[in-house]
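Below you'll find the structure, written out as structure tokens, and then a few comments.
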Amino acid sequence: MKFFLDTANVEEIKQGLAWGLVDGVTTNPTLVGREGRDFEQVVKEIAGIVDGPVSAEVIGVTAPEMLEEARKLAAWAPNIVVKIPLIAEGIKAVKVLSEEGIHTNVTLCFSANQAILAAKAGAGYISPFVGRLDDIGHDGIELVEQIRQIYDNYGWGTEIIVASVRSPQTVTRAALAGADIATVPFKVMGQLFKHTLTDKGLAAFLADWEAYKKGQ
Ligand code: E4P
């Protein structure tokens, strides 16, 4: 499973890259807005430091608007993937963009049927929002399992990005479900390293080693 960082914060991305864990980045209008920087500038900077796909989202809600924005975004850097919302106009746009060779990430997916539409339109990626489903009492990973099975049934190559990740537990479940990618906030990526028994065990090893050296 690949890891994407779900952030528009360059410092977080640099830290993730230093860990050797970042295969790509996803952004959305909320994440970009949080940085208070120029959209084009921040997306170009991220695309320049990440050796992998960087998703940038369109704002338009009609197919012509999305197509115009998508072509502009895709021209900013070769690794830019255009994020398109899963609405009828979005699916229309994805079909055209896939024929033009522009990579797309279909976002805001909350059902298996929506994921079928994205794959049939030629989306490069589908982003089921697991955490937002969990928030309303569903089991978001069940949707990922359904999409995995459907895509495998038909040999569809659209990659599944588990999005809206709130906890390390979701990362484990995403991997068990056979997701291609988990896009995780920086905080969650950091939490993946953590286990109290690791910290406790390491402290004991170091203390024992000090005692051993003193006895030499
Ligand atoms: C992914 O593509 C989205 O940007 C993101 O995962 C949404 O997460 P949220 O539900 O925490 O806002």
Side-chain angles (χ1 to χ4, degrees), residues 1-10 12-13 16 21-37 39 42-43 45-47 50 52-61 66 69-70 73-74 79-87 90-91 93-94 97 102-111 114-115 117-119 121 123-144 147-148 151 158-175 177 179-192:
M1 185 171 72
K2 286 173 271 187
F3 276 126
F4 288 178
L5 257 185
D6 195 27
T7 184
N9 182 287
V10 171
E12 291 181 351
I13 293 165
L21 289 174
V22 178
D23 300 304
V25 166
T26 50
T27 69
N28 63 38
T30 306
L31 294 171
V32 171
R34 206 174 279 167
E35 297 307 306
R37 296 181 55 193
F39 178 45
V42 74
V43 168
E45 186 176 352
I46 295 169
V50 174
V54 174
S55 290
E57 191 158 340
V58 297
I59 300 301
V61 289
M66 291 188 217
E69 275 183 77
L73 293 176
N79 53 340
I80 286 185
V81 172
V82 181
K83 233 175 166 183
I84 305 269
L86 212 158
I87 55 177
I91 294 300
V94 168
L97 292 168
I102 292 177
H103 299 289
T104 52
N105 172 1
V106 176
T107 189
L108 290 166
C109 171
F110 295 97
S111 79
Q114 288 181 319
L117 299 179
Y125 301 94
I126 182 73
S127 290
F129 274 34
V130 167
R132 293 192 194 188
L133 282 169
D134 294 344
D135 289 345
I136 59 161
H138 292 247
D139 182 1
I141 288 290
E142 274 180 13
L143 171 60
V144 175
I147 299 171
R148 177 76 285 152
Y151 284 8
T158 302
E159 290 190 75
I160 304 169
I161 304 180
V162 172
S164 185
V165 173
R166 313 251 195 268
S167 71
Q169 218 183 2
T170 302
V171 175
T172 308
R173 293 191 66 210
D180 299 289
I181 299 140
T183 189
V184 297
F186 179 73
K187 183 180 162 209
V188 173
M189 187 173 274
Q191 289 172 331
L192 298 179

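Residue numbers count from 1 along this sequence. Read the numbers this way: they start at 1 and go in the same order the structure lists the ligands and their atoms. Just so you know, these numbers use all the heavy atoms, side chains as well, and skip hydrogens, waters and symmetry mates. Predicted model only: the values in this text are computed from it and were never measured.
Pocket lining of ligand 1, defined as residues with a non-hydrogen atom under 4.0 Å away: Asp6, Asn28, Lys83, Phe129, Arg132, Ala163, Ser164, Arg166.
Glu69 approaches Val58 most closely through the heavy-atom pair OE1-CA, 3.3 Å.
Residues Val184 and Pro168 form no side-chain contact, since every pair of their non-hydrogen atoms from C-beta on lies 4.5 Å or further apart. Looking at Leu73 and Phe39, their side chains come closer than 4.5 Å, going by heavy atoms from C-beta outward.
Sorted by first and then second residue, the side-chain hydrogen bond (donor to acceptor under 3.5 Å, both in side chains) pairs involving residues 125-137 (not counting sequence neighbours) are Asn105-Ser127, Asp135-Arg166.
With sequence neighbours excluded, the residues satisfying side chain to side chain contact (heavy atoms under 4.5 Å, CB included) with Thr172 are Leu176.
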Show me the donor-acceptor pairs, under 3.5 Å and distance only, between side chains in residues 21-36 and residues at least two apart or in other chains.
unit_1 : atom_1 : unit_2 : atom_2 : d
Asp23  : OD2    : Phe3   : N      : 2.8
Thr26  : OG1    : Asp6   : OD1    : 2.8
Thr26  : OG1    : Thr183 : OG1    : 2.5
Thr27  : OG1    : Ser55  : O      : 2.7
Asn28  : OD1    : Thr30  : N      : 2.9
Asn28  : OD1    : Leu31  : N      : 2.8
Glu35  : OE1    : Asn9   : ND2    : 3.1

